[in-house]
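Start at 1 and go down the list; that is how both ligands and their atoms are numbered. Every heavy atom of this structure was used, including side-chain atoms; hydrogens, water molecules and symmetry mates were not. Remember, predicted model here, so these are calculated numbers, not experimental data.
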Amino acid sequence: MSKQLPPATQSPVDSRLYRPAGGEASDVELMPAGDVTEGVVRVGGTVRRPHQPQSFAVADYLDWLENAGFEAAPRFLGRDAEGRDVLTFVPGDCAGPVPEPWVQSEALLASVGRLVRRLHAASAGFVPAVHPFPPRPVRQDTAKGDPAVLVCHLDVTPQNVVVRDGLAAGLVDFDLAGPSTALKDSFNTAMHWVALRDPADAWPGWEELDPFRRLRIFADAYGWTGDERRRLPGFGVDAVRLSYERMEHNARTLGGGWARMWDDGVGGVIERRAAWLEENATRLVRALTD
Ligand SMILES: Nc1ncnc2c1ncn2[C@@H]1O[C@H](COP(=O)(O)OP(=O)(O)O)[C@@H](O)[C@H]1O
Ligand SMILES: [Mg+2]
């Protein structure tokens with residue numbers, strides 16, 4: 001009798017119970033605090049995060065990325081006995097809330113651009129069919145049926161990139177993932193990593209960096225087209241204004257880390273960023289196209 005091969009498809013993510021072979025690891029370590037999620041812990045080779053409304057949609061996306069050969073994202077392993085999401089731990093270093101000087105490396109910046117480009121290539125074709133992403137509460141920036149729509153990460157901050165040997169090797173924290181566009185995700189990444197901010201809001205130790213030079217490094221590494229480079233400042237201003245509305249809405253309705261960030265003045269940082277992009281639009285396009 002021929003041996004039956006196991007089915008090629010995995011069990012649906014919502015019925016996957018995480019049962020560690022050999023019992024639960026005993027080494028539990030609190031992960032560095034991110035902005036929002038409370039109680040992220042490492043248990044052995046896994047990370048446990050509170051289960052959230054978007055968790056299964058994210059899990060489907062992570063499954064897709066794994067099947068597409070994208071090795072830089074965590075894998076969703078199921079839910080543990082406490083109902084928490086279990087993901088693989090991605091080894092390496094992530095920046096703290098105020099990015100350390102090593103985060104300024106231009107080689108690292110370029111590698112972030114290349115990694116996000118690879119993410120977008122691997123994401124192409126993913127359509128959230130089984131578990132839809134919860135609708136965003138504030139106005140959408142992409143119309144339903146828009147051919148440009150791509151499910152992507154949308155929060156590629158220094159805290160959410162895992163660095164090994166000085167280069168971007170992993171992406172974590174897919175909480176904000178969902179349908180958007182490659183330009184939106186890559187602009188957002190550049191905004192965090194260049195960083196595009198009013199100089200008055202520069203992180204301590206980042207005051208002397210040249211945002212025009214750094215944006216060009218990112219653009220070349222990611223591979224923005226000429227048209228995208230020319231559109232970038234205007235596109236960025238719109239994206240930043242939308243992020244203001246979203247942050248304010250989240251602070252008001254979700255509280256927690258969102259409210260903390262709002263109380264700490266993130267709204268002002270966002271408004272000044274939009275004004276800086278507007279004032280420097282010509283110079284930004286020149287830096288991107290010369
Ligand atoms: N799968 C993972 N592998 C390695 N480190 C992780 C992983 N998930 C989270 N971390 C670390 O824990 C920190 C906080 O977790 P994160 O999921 O980003 O929470 P938040 O939503 O609060 O930003 C991250 O900045 C990163 O340092
Ligand atoms: Mg995070």
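In terms of N/O distances under 3.5 Å, ligand 1 is approached by Val90.
Here the protein heavy atom with the shortest distance to atom 23 (O) of ligand 1 is Asp173 OD2, 2.9 Å. The protein heavy-atom contact nearest to atom 26 (C) of ligand 1 is Cys94 SG, 3.7 Å. In this structure, atom 19 (O) of ligand 1 lies nearest to the protein heavy atom Arg49 NH2, 3.5 Å. For atom 25 (O) of ligand 1, the nearest protein heavy atom (residue, atom name, distance) is Gln159 O, 2.7 Å. Of the protein's non-hydrogen atoms, Val172 CG1, 3.4 Å is the one closest to atom 2 (C) of ligand 1. Atom 5 (N) of ligand 1 has Met31 CE, 3.5 Å as its closest protein atom, hydrogens excluded (heavy atom only). Counting only heavy atoms of the protein, atom 14 (C) of ligand 1 lies nearest to Pro32 O, 3.3 Å. Among protein heavy atoms, the minimum distance from atom 21 (O) of ligand 1 is reached at Thr37 OG1, 2.5 Å.
In this structure, Phe212 has its ring center closer than 6.0 angstrom to the ring center of Trp276.
In this structure, Arg216 forms no cation-pi arrangement with Trp224, as its terminal cationic atom is not both closer than 6.0 Å to the ring centre and no more than 45° off the ring axis.
Looking only at side-chain heavy atoms (C-beta outward), Val162 and Leu171 stay at 4.5 Å or farther from each other.
At a 4.0 Å heavy-atom cut-off, ligand 1 touches Val47 through the side chain alone.
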Practice task
Before giving the answer on side-chain contact (heavy atoms from CB on, under 4.5 Å), spell out for Phe174 and Leu65 the whole-Å C-alpha distance, their side-chain angles and the decisive distance to 0.1 Å.
Solution key: CA-CA 12 Å; Phe174 281 69; Leu65 291 176; 4.0 Å; yes
Practice task
Take Asp201 and Arg273, measure what salt bridge (charged side-chain N to carboxylate O under 4.0 Å, His left out) needs, and give me the verdict at the end.
Solution key: CA-CA 9 Å; Asp201 296 317; Arg273 167 182 289 140; over 6 Å; no
Practice task
Begin from the C-alpha positions of Asp63 and Arg75 and carry the test salt bridge (charged side-chain N to carboxylate O under 4.0 Å, His left out) through to its verdict.
Solution key: CA-CA 7 Å; Asp63 275 3; Arg75 279 180 294 118; over 6 Å; no
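Of the N and O atoms on the side chains of Arg48 and Thr46, at least one donor lies less than 3.5 Å from an acceptor on the other residue. Donor-acceptor pairing under 3.5 Å is lacking for the side chains of Thr289 and Arg230.
With ligand atoms numbered from 1 in the order given, ligand 1 contributes 3 (N), 4 (C), 5 (N) to contacts under 4.0 Å with heavy atoms of Phe89. The atoms of ligand 1 that sit less than 4.0 Å from any heavy atom of Asn160 are 18 (O).
At least one heavy atom of Thr88 sits under 4.0 Å from some atom of ligand 1.
Val47 and Val172 are not part of a single hydrophobic cluster, where members link through side-chain heavy atoms under 4.5 Å apart.
The count of protein N, O or S atoms under 2.8 Å from the Mg ion (ligand 2) stands at 2, with waters excluded from the count.
Heavy-atom minimum distance, Pro74 versus Leu87: CB-CB, 4.1 Å.
Tyr222 contributes no side-chain N or O that, together with a main-chain N or O of Arg114, makes up a donor-acceptor pair within less than 3.5 Å.
Applying the ring pair (Phe, Tyr, Trp, His ring centres under 6.0 Å) test to pairs two or more places apart or on separate chains, none has a residue in residues 69-99.
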